[in-house]
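On a predicted model such as this, the values are computed, not experimentally measured, just so you know.
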Amino acid sequence: MGDTTKKLHGPPEVAVPAAVGSGLHARVLEQLGLALCDQALATGSVMKIEDIERQYGVSRSVIRETLRVLESMGLVSSKRRVGVLVRPPSEWNLFDPQVIRWRLASRAQITQLRSLTELRTAIEPEAARLAALRSPLSSASDLMGLAGRLWAAGESGDQELFLTLDIQFHRLVLASSGNEMFAKLESLISEVLAGRTHYGLMPTHPHEEALQLHVDVASAIQRGAPDIAQRSMLGIMQRTMDEMSTIWAAPHGSGDFIQKSPGHQ
């Protein structure tokens with residue numbers, strides 16, 4: 001940062017999910033992480049620990065602990081006798097759930113949503129196919145139950161319940177694939193589904209076709225029909241891409257940031 005006395009401005013004020021943990025450390029980590037992911041602090045900028053300490057009004061030990069966490073995420077690196085260097089996005093741990101959460105609250109929100117949705121489109125249909133081949137009967141039965149509850153929550157317009165069940169459904173598909181690498185993506189899927197809901201990008205009542213496709217995925221996995229499971233999950237992903245494509249293309253008043261408004265349903 002060229003002028004280290006300047007305030008470290010974060011992203012526009014929006015409601016974001018609460019930071020993990022509590023207290024001074026969590027507060028500073030959340031604010032500084034958001035500022036970094038919003039790129040309010042330019043790549044290559046150098047921050048002095050004493051300046052951060054003075055701005056946030058916390059002890060040096062709190063700042064050092066915060067910087068250790070940010071360094072583990074690839075957002076910054078410490079240079080002796082230089083300061084704390086802001087690293088480029090290409091070096092960030094983009095799969096870290098907290099980095100994803102911060103990016104979804106930043107002006108890179110659209111880019112983050114698009115890249116996560118494209119990743120889901122590449123991974124989840126194959127996970128569903130494998131689940132139809134490998135899933136234990138108990139998991140397949142659980143998926144059918146979740147699909148039915150999803151339908152009910154979607155029709156009732158209970159968005160928070162729908163979100164909870166949707167996360168459980170997609171997590172279980174990944175876990176049932178029998179691929180441990182796919183299963184580890186569960187937190188990533190959770191963040192993008194939560195992000196769409198919290199930023200007003202989900203309809204109050206999901207389309208009936210989307211609800212039916214979840215039932216089709218679960219049924220195909222239960223029946224051991226891999227091609228149908230894959231095709232049905234791809235249908236879910238294609239519907240998601242179609243719904244989000246209007247957002248990719250729309251101009252926004254604050255860079256890539258989607259301002260939540262009553263118009264978003």
Side-chain angles (χ1 to χ4, degrees), residues 1-117 119 187-188 191-192 194-196 198-199 201 247-248 251-260:
M1 165 172 72
D3 177 7
T4 55
T5 63
K6 188 168 66 173
K7 286 285 185 183
L8 311 180
H9 295 295
E13 290 187 6
V14 292
V16 297
V20 175
S22 60
L24 290 174
H25 167 66
R27 176 178 64 80
V28 176
L29 178 63
E30 186 76 0
Q31 293 178 6
L32 194 48
L34 280 167
L36 289 162
C37 287
D38 193 51
Q39 295 190 276
L41 304 171
T43 296
S45 298
V46 176
M47 299 181 287
K48 300 294 185 183
I49 288 180
E50 54 268 28
D51 293 325
I52 307 173
E53 182 183 352
R54 184 164 51 250
Q55 176 169 335
Y56 289 100
V58 295
S59 68
R60 182 154 302 192
S61 63
V62 169
I63 296 300
R64 290 193 183 279
E65 179 58 29
T66 298
L67 292 173
R68 274 195 291 271
V69 174
L70 294 172
E71 192 162 4
S72 73
M73 297 173 176
L75 299 181
V76 299
S77 59
S78 298
K79 302 288 185 183
R80 293 190 65 179
R81 293 188 292 275
V82 175
V84 180
L85 182 68
V86 178
R87 296 171 69 179
S90 60
E91 296 180 15
W92 298 353
N93 179 4
L94 297 177
F95 287 89
D96 187 293
Q98 204 156 9
V99 172
I100 292 171
R101 200 174 304 126
W102 288 331
R103 292 187 78 203
L104 285 173
S106 78
R107 291 180 179 86
Q109 187 182 77
I110 293 175
T111 300
Q112 176 71 108
L113 281 168
R114 182 171 53 230
S115 60
L116 286 171
T117 304
L119 181 63
S187 59
L188 180 152
E191 290 300 336
V192 68
R196 285 190 66 195
H198 293 150
Y199 291 104
L201 305 177
I247 295 171
W248 311 154
H252 297 277
S254 182
D256 264 354
F257 191 80
I258 300 168
Q259 298 287 1
K260 182 176 179 180

Minimum heavy-atom distance Gly83-Lys48, with the two atoms named: N-NZ, 4.5 Å
Report, one line per pair, each donor and acceptor closer than 3.5 Å where one atom sits in a side chain of residues 85-93; sequence neighbours left out.
residue, atom, partner, partner atom, Å
Arg87, NE, Glu91, OE1, 2.8
Arg87, NH2, Glu91, OE1, 3.1
Trp92, NE1, Arg87, O, 3.1
Trp92, NE1, Pro88, O, 3.3
Asn93, OD1, Phe95, N, 3.3

Over all atoms of both residues, closest heavy-atom pair of Val62 and Val58: CG1-CG2, 3.9 Å
With sequence neighbours excluded, residues passing side-chain contact (heavy atoms from CB on, under 4.5 Å) with Arg64: Ile49, Arg60, Arg68
With heavy-atom distances below 4.5 Å as the criterion, would you say the side chains of Glu65 and Ser61 are in contact? no
Taking side chain to side chain donor-acceptor pair (under 3.5 Å) as the definition, give me every residue that meets it alongside Ser187, ordered by chain and number, with sequence neighbours left out. none
Between His25 and Val69, is the side-chain contact (heavy atoms from CB on, under 4.5 Å) condition met? List the steps. CA-CA 10 Å; His25 167 66; Val69 174; 4.0 Å; yes
Closest approach of Ile52 to Met47 (non-hydrogen atoms, all atoms of both residues): CD1-CB, 3.8 Å
To the nearest 0.5 Å, tell me how far Arg103 CZ sits from Ile110 CD1. 12.5 Å
Is the closest side-chain heavy-atom distance between Glu71 and Ser78 below 4.5 Å? yes
Heavy-atom closest pair (Glu191 atom, Ile100 atom, distance to 0.1 Å) is CB-CG2, 3.6 Å
What's the spacing between Leu75 CG and Ser77 OG if we round to 0.5 Å? 10.5 Å
Looking only at atom types and distance, does a side-chain atom of Gln109 sit under 3.5 Å from a main-chain N or O of Leu104, one as donor and one as acceptor? yes
For a 4.5 angstrom cut-off between non-hydrogen side-chain atoms, does Leu29 reach Gln98? yes
Taking every heavy atom of Leu70 against every heavy atom of Gly33, the minimum-distance pair comes out as CD2-CA, 4.1 Å
Does the side chain of Leu32 come within less than 4.5 Å of Tyr56's, by heavy atoms? yes
Report the distance from atom CG of Leu36 to atom CE of Met73, rounding to the nearest 0.5 Å. 10.5 Å
Compare all side-chain heavy atoms of Lys79 with those of Val46 and state whether any distance is below 4.5 angstrom. no
